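Okay, structure first, notes after.
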Number of protein chains: 2
Amino acid sequence: MLKISSLNANGIRAAHRHGFTDWIEESHPDIICLQELRAMEHQVPDPIQELDYHKAYHTAEKKGYSGVGILSKEEPINIEKGIGVAWIDQEGRIMMAEYENLIVFSIYAPSGTTGDERQKLKMEFLDIFLPFAQKYLASEKPVVFCGDFNICHKAIDIHNPKRNKNTSGFLPEEREWVSRLLQTGFEDVYRRLHEGESDLYSWWSYRAASKERNKGWRIDYHMSSPELLELAEEATIERAWDLSDHAPVSVSYAI
Amino acid sequence: MLKISSLNANGIRAAHRHGFTDWIEESHPDIICLQELRAMEHQVPDPIQELDYHKAYHTAEKKGYSGVGILSKEEPINIEKGIGVAWIDQEGRIMMAEYENLIVFSIYAPSGTTGDERQKLKMEFLDIFLPFAQKYLASEKPVVFCGDFNICHKAIDIHNPKRNKNTSGFLPEEREWVSRLLQTGFEDVYRRLHEGESDLYSWWSYRAASKERNKGWRIDYHMSSPELLELAEEATIERAWDLSDHAPVSVSYAI
DNA sequence: CTTACGACG
DNA sequence: CGTCGTAAG
């Protein structure tokens with residue numbers, strides 16, 4: 001079995017204070033895709049750097065901002081940081097780790113909640129991401145794009161669909177984009193293993209005790225190639241851990 | 001008995017979190033001189049504003065910076081904020097409350113630890129303060145200047161006099177300034193009631209567990225007119241409270 | 001080490 | 001509401 005976890009850490013240093021290494025010890029994923037490191041590599045807490053994992057980080061140029069990483073028990077045979085689009089790469093939003101029989105991406109889509117300009121860049125990111133991801137469906141190896149897409153797909157993925165229909169992260173054009181991603185052949189692994197189940201979220205606002213009241217959004221995904229879905233045996237949102245405002249989303253594959 | 005306490009709060013909001021109102025309830029000073037409020041009046045926590053004291057604040061123009069205050073059971077018959085020197089008044093460093101038989105000042109001298117420019121301004125503050133204070137010795141009423149002078153007077157007032165002989169706060173010219181203040185007629189009430197006693201400090205760095213190891217400095221004073229010293233019955237540093245990096249310094253007078 | 005502000009989410 | 005950088009102490 002191969003367990004892949006994805007976590008938006010909202011600051012790897014904060015996540016560390018909140019028990020990141022305890023989570024790793026109890027959950028022991030084989031591969032961990034991280035988003036929002038908000039730290040340079042030298043700022044990653046020592047106990048994390050000392051974990052028995054291979055570690056690769058793709059950090060933002062701007063300090064304390066964004067950044068993705070991939071930790072894995074097995075050493076990747078290839079790592080790629082960025083996709084050749086300057087602003088996306090400068091913000092540390094996309095990286096890849098390639099293994100013998102698998103390609104894994106850690107993805108952190110921009111948030112559009114801070115205003116029109118960032119919302120426009122978010123849509124630009126999505127437009128660039130879609131064909132980029134699609135290419136990998138043609139690859140020899142199974143592929144999975146794990147991360148924080150900052151979009152809820154359907155009403156079932158958000159606690160208050162009506163109130164949020166004009167909120168960035170649940171806009172029609174964003175939701176349609178997720179549908180297009182699935183139409184091109186990707187699988188929303190967590191949803192496919194939990195069809196029709198409601199109240200399953202991966203992010204809760206820190207405000208208004210949202211997590212205790214389970215007023216959340218499902219915005220963290222494992223978007224896999226079809227053959228990988230066939231191998232998926234279990235998908236969980238590890239809600240009991242309070243490592244950040246997101247919960248780890250984990251999938252175990254029969255590999 | 002009239003009890004006057006002085007406290008550098010290092011943020012009145014932080015001091016509140018650390019039990020400021022509990023301290024007031026247990027210690028119940030009649031007059032409280034505060035320094036380093038680091039808040040505008042509207043930001044002072046409600047439970048403090050609701051205390052059964054008259055409250056007056058003289059805050060800095062710069063947000064989150066400096067600021068002094070005086071709380072008192074009795075209503076002052078006169079309050080003066082600032083001394084007519086623009087930069088000192090903009091930084092909220094000196095205020096007065098006048099009562100029937102007493103004049104009380106809350107004083108927050110600049111720190112010189114951040115560099116030459118601030119050290120120069122600290123010396124300028126001291127040079128302006130000395131004649132200003134001296135005038136009040138001629139007043140009808142007894143007067144006391146309470147606060148954080150950011151200077152240790154003598155070797156007995158600091159845990160490591162040798163190592164700090166070139167450190168701002170224990171420089172020869174600063175120590176001589178305190179001597180001059182005393183020569184003009186002011187009394188260091190706490191020291192006068194604890195002559196020759198060592199290891200009595202009012203401030204400990206937050207670094208290196210300084211307070212548990214009592215590696216401190218005595219930089220908070222009650223500088224009184226001579227007739228007031230005669231009335232002083234007890235002077236204590238309330239070290240058991242961890243309200244900020246300073247301890248409250250309290251003096252009880254037979255008034 | 002700790003406070004507070006401002007940017008960002 | 002929380003994290004981070006920065007200024008200040």
Side-chain angles (χ1 to χ4, degrees), chain A residues 8-18 20 35-40 43-45 59-67 91 93 108-115 117-119 121-122 148 150 167-169 203-213 215 217 219 242-246, chain B residues 8-18 20 35-40 43-45 59-67 91-93 108-115 117-119 121-122 148 150 167-169 203-213 215 217 219-220 242-246:
Chain A
N8 177 317
N10 189 22
I12 190 65
R13 287 168 286 186
H16 175 246
R17 291 196 298 275
H18 299 158
F20 181 82
Q35 302 88 39
E36 255 198 301
L37 297 170
R38 304 185 67 175
M40 302 297 157
Q43 298 172 308
V44 174
T59 59
E61 289 184 359
K62 186 169 165 182
K63 284 205 268 182
Y65 184 73
S66 187
E91 292 192 0
R93 296 195 171 275
Y108 177 40
S111 166
T113 56
T114 40
E117 195 172 340
R118 291 302 296 177
Q119 181 62 31
L121 281 168
K122 179 179 184 177
D148 177 1
N150 263 315
T167 306
S168 173
W203 173 81
W204 303 263
S205 168
Y206 276 126
R207 299 176 217 194
S210 302
K211 192 172 180 181
E212 321 171 358
R213 301 186 299 140
K215 305 290 186 194
W217 300 41
I219 60 180
D242 292 315
L243 304 172
S244 73
D245 48 350
H246 296 248
Chain B
N8 178 316
N10 190 21
I12 190 64
R13 287 168 284 187
H16 175 246
R17 292 196 297 275
H18 299 157
F20 181 82
Q35 302 88 38
E36 253 196 302
L37 297 169
R38 304 184 67 174
M40 303 298 158
Q43 297 173 308
V44 174
T59 59
E61 289 184 0
K62 185 170 167 181
K63 285 205 267 182
Y65 184 72
S66 188
E91 293 191 1
R93 295 195 172 273
Y108 178 41
S111 166
T113 57
T114 40
E117 196 173 338
R118 290 303 296 178
Q119 181 62 30
L121 281 168
K122 178 180 185 176
D148 177 1
N150 262 316
T167 306
S168 173
W203 173 80
W204 302 263
S205 168
Y206 276 126
R207 301 177 216 193
S210 301
K211 192 171 179 183
E212 351 173 327
R213 300 186 299 139
K215 305 291 186 194
W217 300 41
I219 61 180
D220 300 275
D242 292 315
L243 304 172
S244 73
D245 47 351
H246 296 247

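Remember, predicted model here, so these are calculated numbers, not experimental data. So you know, we letter chains A, B, ... as the sequences are listed, proteins then strands, and number each from 1.
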Provide, to the nearest angstrom, the distance between the CD atom belonging to A:E91 and the P atom belonging to C:dG9. 8 Å
Send over the distance from A:I219 CD1 to C:dG9 C1', rounded to a whole Å. 10 Å
Exactly one of A:K122, A:K62, A:R118 clears salt bridge (charged side-chain N to carboxylate O under 4.0 Å, His left out) with A:E91, and that residue is A:R118
Applying side chain to side chain contact (heavy atoms under 4.5 Å, CB included), run through B:D220 and B:N8 and close with a yes or a no. CA-CA 8 Å; B:D220 300 275; B:N8 178 316; 4.2 Å; yes
Rounded interatomic separation in angstrom, taking CH2 from A:W204 and C1' from D:dG2: 16 Å
Is B:M40 close to B:T59 at the side-chain level, that is, under 4.5 Å between some pair of heavy atoms? yes
Per-nucleotide protein contact along nucleotides 3-9 of chain D, 5' to 3', at a 4.0 Å heavy-atom cut-off (B base, S sugar-phosphate only, - neither), is BSSS-SB
Sequence neighbours excluded, which residues qualify as ring pair (Phe, Tyr, Trp, His ring centres under 6.0 Å) partners of B:F20? B:W23
Steps toward side chain to side chain contact (heavy atoms under 4.5 Å, CB included) verdict (A:H18, A:D242): CA-CA 7 Å; A:H18 299 158; A:D242 292 315; 6.0 Å; no
